[in-house]
Amino acid sequence: MSFLAVIGHPVAHSLSPLMHNSTLWLYGLPHIYLAIDIHPFKLGETLTSLWKLEFIGFNITIPHKEEVAKIAVELSEEASMTGAVNTTVRHSDGWIGFNTDVEGFITSLSRIGVKTIDTCLLLGAGGSARAVVYALDKMGTRMIIIANRTMERAIKLRESMMPKISSRLQIVSLEDVNRFVPKAELVVNATPVGLVEEKLLFDPNNLESYHVVYDLVYSHRSTPLLRAAMKRGCKTIDGVIHLVEQGAASFKIWTGITPDVSFMERVVRNELWRRWKRSGAS
Ligand code: NAP
């Protein structure tokens, strides 16, 4: 038996153990996927332990993605361009780092037939926004308009990504964002807004049926943004699709198998529903 894991802090809420253990079971693979909570102070020594225990690889979530990128002996193009690693695989002399959020984003769009985007409005400038920017650049996007609550963070993202990509990056304030919705054909929410609150970062009346709306937030039901987008006749992609597609890309790196994403999606949606029911929320 060999081990896989997701490391993060916190990590107990992660759906990855259930998603990957179910998929490992589906293919009869003798591996176990764990959730390991690692305090940032303990990252180095824990990674040494994972190495000694012969882990095949692991996923990485907040706050370790950038640190693991520094520790990896080799980086995929996506990991190197984003400076963030969400998947590692064991190699003879250390961990090789990948960023499957990039592939997950592109594959999710291609599921609904979207292969190119001219202009995107991106809400958020955190870790996942960075992967979205690089994915859009790979798709040949001409203009990415970034709106973030904290302007400095958006500026930092632009400064670090601009030398590496061909897409133009424009920064706008969240207060101004309504003006930019009609200019974009894709709107991406890379903030947690909508997860617990019935809140949107812009007026959905600015959405038209030509828009594609992609919300990275995942929940047992559609987020307020996606519900509003559906009402306006837009095509939508939710965070579960993203979670599953990035997870499928990691699974392939570890096992060589292209997994059944519809099976993975069912596992995740059932679990979100079960957790919601258990929470007693209405
Ligand atoms: P992150 O690095 O912490 O960045 C969070 C971003 O959201 C920042 O730009 C932050 O703005 C903004 N933000 C936070 N609270 C806000 C609020 N109340 N109003 C406006 N903006 C707010 O997180 P991340 O890793 O990029 O993740 C962002 C979201 O995507 C999370 O909800 C996460 O669960 C989701 N996600 C989903 C998947 C998936 O597989 N579906 C994968 C990755 C991420 P400031 O700079 O002003 O703080």
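If you read the sequence from its start, that first residue is 1, and numbering goes on from there. Everything quoted here is computed from the prediction, not taken from an experiment.
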Query raised in the report: According to the salt bridge (Lys or Arg N to Asp or Glu O under 4.0 Å) rule, which pairs have a member within residues 53-74, sequence neighbours left out?
Result: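 Of all non-adjacent pairs touching residues 53-74, those that pass salt bridge (Lys or Arg N to Asp or Glu O under 4.0 Å) are Lys65-Asp101, Glu67-Lys70.
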Report task. Kindly state each residue pair satisfying salt bridge (Lys or Arg N to Asp or Glu O under 4.0 Å) with at least one member in residues 205-217, sequence neighbours excluded. Result ->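 Of all non-adjacent pairs touching residues 205-217, those that pass salt bridge (Lys or Arg N to Asp or Glu O under 4.0 Å) are Glu208-Arg232.
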Pairwise side-chain contact, [X] with [Y], heavy-atom cut-off 4.5 Å (strictly under):
{"X": "Ile71", "Y": "Leu43", "result": "yes"}
{"X": "Met264", "Y": "Ser22", "result": "no"}
{"X": "Arg274", "Y": "Leu18", "result": "no"}
{"X": "Val6", "Y": "Pro17", "result": "yes"}
{"X": "Val11", "Y": "Ile36", "result": "no"}
{"X": "Phe263", "Y": "Val267", "result": "yes"}

**Report entry** Aromatic contact, His20 with Trp254 (centres under 6.0 Å)
**Finding:**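 Yes, the ring of His20 comes within the 6.0 Å limit of the ring of Trp254, centre to centre.
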Query raised in the report: For Asn148 and Thr150, does a side-chain donor sit closer than 3.5 Å to a side-chain acceptor?
Result: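 Distance-only check fails for Asn148 and Thr150.
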Query - Residues Ser16 and Asn59: side-chain donor-acceptor under 3.5 angstrom - result: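 No, no side-chain donor-acceptor contact under 3.5 Å.
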Without swapping roles, check the side chain of [X] against the backbone of [Y] for a donor-acceptor pair under 3.5 Å.
{"X": "His31", "Y": "Thr255", "answer": "no"}
{"X": "Gln170", "Y": "Met143", "answer": "no"}
{"X": "Asp176", "Y": "Ser173", "answer": "no"}
{"X": "Asn178", "Y": "Phe202", "answer": "no"}
{"X": "Thr141", "Y": "Ser167", "answer": "no"}
{"X": "Arg149", "Y": "Leu174", "answer": "no"}
{"X": "Arg142", "Y": "Asp118", "answer": "no"}
{"X": "His39", "Y": "Phe41", "answer": "yes"}
{"X": "Ser160", "Y": "Leu157", "answer": "yes"}
{"X": "Gln246", "Y": "Leu243", "answer": "yes"}

Test of understanding: clusters of I, L, V, M, F, W, Y form through side-chain heavy atoms closer than 4.5 Å, transitively. Do [X] and [Y] belong to the same one?
{"X": "Ile171", "Y": "Ile145", "answer": "no"}
{"X": "Val114", "Y": "Val188", "answer": "yes"}
{"X": "Leu272", "Y": "Leu216", "answer": "no"}
{"X": "Ile237", "Y": "Ile117", "answer": "yes"}
{"X": "Leu136", "Y": "Ile241", "answer": "yes"}

Considering all heavy atoms of both residues, which atom of [X] and which atom of [Y] are nearest to each other, and what is their separation?
{"X": "Val73", "Y": "Asp93", "value": "CG1-O, 3.3 Å"}
{"X": "Val85", "Y": "Ala69", "value": "CG2-CA, 3.6 Å"}
{"X": "Val217", "Y": "Val193", "value": "CG2-O, 4.1 Å"}
{"X": "Thr82", "Y": "Ala131", "value": "CG2-CA, 3.9 Å"}
{"X": "Lys115", "Y": "Ser110", "value": "NZ-CB, 3.7 Å"}
{"X": "Ser219", "Y": "Val240", "value": "O-CG2, 4.3 Å"}

Which value, rounded to the nearest 0.5 Å, describes the distance between [X] atom [atom1] and [Y] atom [atom2]?
{"X": "Ser76", "Y": "Ile96", "atom1": "OG", "atom2": "CD1", "result": "9.5 Å"}
{"X": "Leu50", "Y": "Glu45", "atom1": "CG", "atom2": "CD", "result": "11.0 Å"}
{"X": "Met230", "Y": "Thr236", "atom1": "CE", "atom2": "OG1", "result": "4.5 Å"}
{"X": "Leu121", "Y": "Leu186", "atom1": "CG", "atom2": "CG", "result": "8.5 Å"}
{"X": "Ile144", "Y": "Arg168", "atom1": "CD1", "atom2": "CZ", "result": "11.5 Å"}
{"X": "Leu226", "Y": "Leu200", "atom1": "CG", "atom2": "CG", "result": "9.5 Å"}

Query raised in the report: Between Glu152 and Lys156, is the closest basic N to carboxylate O distance under 4.0 Å?
Result: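 Salt bridge: no.
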Any chance [atom1] of [X] has more than 12 other-residue heavy atoms, nucleotides or ligands included, within less than 6.0 Å?
{"X": "Arg275", "atom1": "CZ", "answer": "yes"}
{"X": "Lys252", "atom1": "NZ", "answer": "no"}
{"X": "Lys164", "atom1": "NZ", "answer": "yes"}

Query - Stepwise side chain to side chain contact (heavy atoms under 4.5 Å, CB included) test for Lys138 and Met81 - result: CA-CA 11 Å; Lys138 280 191 93 159; Met81 287 296 201; over 6 Å; no
Requested in this report: Report the residue from Leu15, Thr223, Val244 that forms a side chain to side chain contact (heavy atoms under 4.5 Å, CB included) with Tyr218.
Outcome: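 Filter result, single survivor: Leu15.
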Report task. Give me the ring orientation class for Phe58 and Trp95: parallel if the planes are under 30° apart, tilted from 30 to 60°, perpendicular past 60°. Result ->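 Because their plane-to-plane angle is over 60°, the rings of Phe58 and Trp95 count as perpendicular.
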Query raised in the report: Can you list the residues that meet the ring-ring contact (aromatic ring centres under 6.0 Å, His included) rule with Phe55, with sequence neighbours excluded?
Result: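 If we apply the ring-ring contact (aromatic ring centres under 6.0 Å, His included) test to Phe55, skipping adjacent residues, the hits are Phe3.
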Report task. Using ring-ring contact (aromatic ring centres under 6.0 Å, His included) as the criterion, list what pairs up with Phe105, not counting sequence neighbours. Result ->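 Phe105 satisfies ring-ring contact (aromatic ring centres under 6.0 Å, His included) with Tyr214 only.
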Query raised in the report: Please walk me through it: do His211 and Val181 pass side chain to side chain contact (heavy atoms under 4.5 Å, CB included)?
Result: CA-CA 9 Å; His211 281 109; Val181 177; 3.9 Å; yes
Query raised in the report: Glu245: what forms a salt bridge (Lys or Arg N to Asp or Glu O under 4.0 Å) with it, not counting sequence neighbours?
Result: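 In terms of salt bridge (Lys or Arg N to Asp or Glu O under 4.0 Å), with neighbours along the sequence ignored, Glu245 is linked to Arg111.
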Report task. Just do the side chain to side chain contact (heavy atoms under 4.5 Å, CB included) check on Thr46 and Ile7 with the steps written out, would you? Result -> CA-CA 10 Å; Thr46 313; Ile7 66 163; 5.9 Å; no
Report task. Could you pull out all residues at least two apart from Tyr27 that satisfy side chain to side chain contact (heavy atoms under 4.5 Å, CB included)? Result ->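 Applying side chain to side chain contact (heavy atoms under 4.5 Å, CB included) to Tyr27 gives Thr23, Leu29, Phe251, Ile257, Pro259, Asp260.
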Report task. Report the C-alpha distance between Leu24 and Leu4 in whole Å, list the side-chain angles of each, state the deciding distance to 0.1 Å, and finish with yes or no for side chain to side chain contact (heavy atoms under 4.5 Å, CB included). Result -> CA-CA 10 Å; Leu24 290 165; Leu4 291 158; 4.2 Å; yes
